[in-house]
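Note sheet for the following structure.
Just the heavy atoms: all of them, side chains too, but no hydrogens, waters or symmetry mates, feed the values below.
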Amino acid sequence: NELQQLVVSNQTPKEIAKALCKEARLRFEADSVIIYTLNEEKTSLEPLSGLGCTLQQIESKLSLDSTSSDAKTLWEIP
């Protein structure tokens, strides 16, 4: 398993996320794939890796506050 090899070879979380993006894009024939990570304060999600889009095209941070527009946007992505 490729993921297991990445973990065993001491890859950084960002390198593992990049490999997951590539695999997901191929397996699901996706135009773009974005992986977000929980920030240290556990208040928002921040992009860790992605393929098929630029940082300018995605939210730089998604708030986990259920009343924020960022949180609503997360669930509206098709």
Side-chain angles (χ1 to χ4, degrees):
N1 178 325
E2 283 184 48
L3 182 57
Q4 190 174 26
Q5 289 174 350
L6 287 171
V7 173
V8 171
S9 65
N10 293 324
Q11 299 292 317
T12 66
K14 189 165 186 135
E15 292 167 328
I16 293 171
K18 185 176 180 179
L20 284 171
C21 283
K22 286 180 182 178
E23 182 65 26
R25 191 169 181 193
L26 290 173
R27 184 171 294 189
F28 300 110
E29 298 179 11
D31 291 331
S32 60
V33 177
I34 306 166
I35 294 179
Y36 284 85
T37 186
L38 187 61
N39 69 355
E40 289 187 28
E41 297 83 24
K42 298 183 179 175
T43 58
S44 64
L45 297 173
E46 298 172 354
L48 179 64
S49 186
L51 286 172
C53 57
T54 65
L55 285 175
Q56 292 77 20
Q57 294 174 305
I58 62 173
E59 296 287 336
S60 61
K61 187 189 298 186
L62 294 173
S63 174
L64 295 179
D65 176 7
S66 62
T67 61
S68 78
S69 61
D70 287 348
K72 293 175 185 169
T73 301
L74 178 63
W75 300 112
E76 292 171 2
I77 295 173

### Message
So, taking the atom named CD in Glu15 and the one named CG in Leu20, what distance separates them when rounded to the nearest 0.5 Å?
### Response
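The distance works out to 12.0 Å.
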### Query
Looking at OG of Ser49 and CD1 of Ile34, how far apart are the two atoms once the value is rounded to the nearest 0.5 Å?
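Between Ser49 OG and Ile34 CD1, I get 10.0 Å after rounding to 0.5 Å.
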### Message
So, using salt bridge (charged side-chain N to carboxylate O under 4.0 Å, His left out) as the criterion, who are the partners of Glu23 when residues are at least two apart?
### Response
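Result, salt bridge (charged side-chain N to carboxylate O under 4.0 Å, His left out) vs Glu23: Arg27.
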Looking only at heavy atoms, which two atoms of [X] and [Y] are closest? And how far apart?
{"X": "Ile58", "Y": "Cys53", "answer": "CG2-SG, 3.9 Å"}
{"X": "Arg25", "Y": "Leu51", "answer": "NH1-CB, 3.8 Å"}
{"X": "Glu46", "Y": "Asn39", "answer": "OE2-CB, 3.6 Å"}

### Message
Taking atom CD as the centre, does Gln57 end up with more than 12 heavy-atom neighbours from other residues, nucleotides or ligands that are less than 6.0 angstrom away?
### Response
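Yes, because the 6.0 Å sphere around CD of Gln57 holds more than 12 heavy atoms from other groups.
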### Task
Determine whether Val33 and Leu48 fall in the same hydrophobic cluster, where Ile, Leu, Val, Met, Phe, Trp and Tyr are linked whenever their side-chain heavy atoms lie under 4.5 Å apart.
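No: no chain of side-chain contacts under 4.5 Å links Val33 to Leu48.
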